[in-house]
Amino acid sequence: MVSVVFTPRWFYGIDGIFEAVAVIVALLIAFYSYKLYSHTKEKRHVFFSLSFLGIAVGFIAKIVTNLSLVSSVVGSVKHVGFFFYGHHTLALEHILYVAGFLGYRLLLLFGLLGIYFVIHKFRAKKLILFSAYMVLVLTLITTFSTWAYPIFYLTAALLLLFISQFYYDSWLGKRGQKKNKNAKALLNAFGVLMAAQLSFTLVILNLYFYVLAEVLQLAGFLMLLYVYYKLVVRKK
Amino acid sequence: MDSLETREFGTKKPRRSRMDIIHDMLAAIQRKGGMIKPTHLMYKANLSHQLMKEYVNELMEKGLMTEGIDDKKKVYVLTEKGDAYLAQYRKMVEFQDAFGL
């Protein structure tokens, strides 16, 4: 059985540290949104909280999967073309990889979809359920396909584009959006996260796109952390 | 500052939530330099006499404001806890507005 590790060997584990930062930032936003919900009892606040919680749990699934995978193949890695191939025979590890990556993809996409619906104030339940169903079907049917990787990251990039567009409108006060001075920082953060997803799709061309994507993803979450710090932590 | 209630474009402004009323009362006291006469509070927070009494009792029980005397007249005084509550409320509104919630 063969598992493909889309990362340069020297980067093993470092991506896990980067993603741990993403987990912390997503959990902070989820927790504060829930605090908001506990005061307002507004459903959109709890959905926003659950969306970020989903993203955090998704990244945890990815970290655990990558760590277990890397620890099992790191001793037998070969460099073939653009990829490192790790050969191992334990079916359990393969199942863990498939389940972990599937969990990560589902939770990240549902999280982004949730953010998109909440900020755009969607109320059409049927459309929301249909979109969630489409994401579920798309993720499941591509699970064992070689297209799983690029399709997932392109979908994530598309959702991040729509989210970024909302903050662009909010920054400029366009399309009925109320002008908000913090929207620019959020536009930058989600824009960088979108660039990260696009970089992930290019990993098939060169492994260093994985490093670039991880660095961009870290930068995006650090930007979100800055917005969180500015709004919640900093004393005025 | 906007409230934590739902604000949608093209719709009538919704009723204030309990949290918004509490904020309006405490903010009115703060704007008056930390103490306010009962009639002024009623006017500034846009409340009936009965409703204001209920809220005042609740806020005093929670330690967000106290009763005091100024120039031989009864006044309501904002406590440190009330001040902190206002700061927390403003942060929540800012977070909500920034993320477009």
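In this text the structure is predicted, and so the values were computed from the model without any measurement. Numbers restart at 1 for each chain; the letters A, B, ... are given by sequence-line order, proteins then strands.
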Colleague: For the pair B:Lys91 (side chain) and A:Val232 (backbone), establish whether a donor and an acceptor sit closer than 3.5 Å, ignoring hydrogens and angles.
Modeller: yes
Colleague: Restricting to non-hydrogen atoms, name the atom on A:Leu36 and the atom on B:Met92 that form the minimum distance, rounded to 0.1 Å.
Modeller: CD1-CB, 3.4 Å
Colleague: Over all heavy atoms of both residues, which pair between B:Ala98 and A:Leu231 is shortest? Give the atoms and the distance, please.
Modeller: CB-CD1, 3.5 Å
Colleague: Given 3.5 Å as the limit, does a donor-acceptor pair link the side chain of A:Tyr228 with the main chain of B:Phe95, or not?
Modeller: no
Colleague: Please report the shortest heavy-atom distance between B:Phe99 and A:Phe48, naming the atom on each side.
Modeller: CD2-CZ, 3.5 Å
Colleague: If we only count heavy atoms from C-beta on, is the A:Lys230 to B:Glu94 side-chain gap below 4.5 Å?
Modeller: no
Colleague: So what's closer than 4.5 Å to chain B heavy atoms on A:Ile119: side chain, backbone, both or neither?
Modeller: both
Colleague: Between A:Arg44 and B:Leu101, which heavy-atom pair has the shortest distance, and what is it?
Modeller: NE-C, 3.1 Å
Colleague: Does B:Met60 have more than 12 heavy atoms from other residues, nucleotides or ligands lying within 6.0 Å of its CE?
Modeller: yes
Colleague: With a 4.5 angstrom heavy-atom cut-off, could you sort out which part of A:Phe166 is near chain B: side chain, backbone, both or neither?
Modeller: side chain
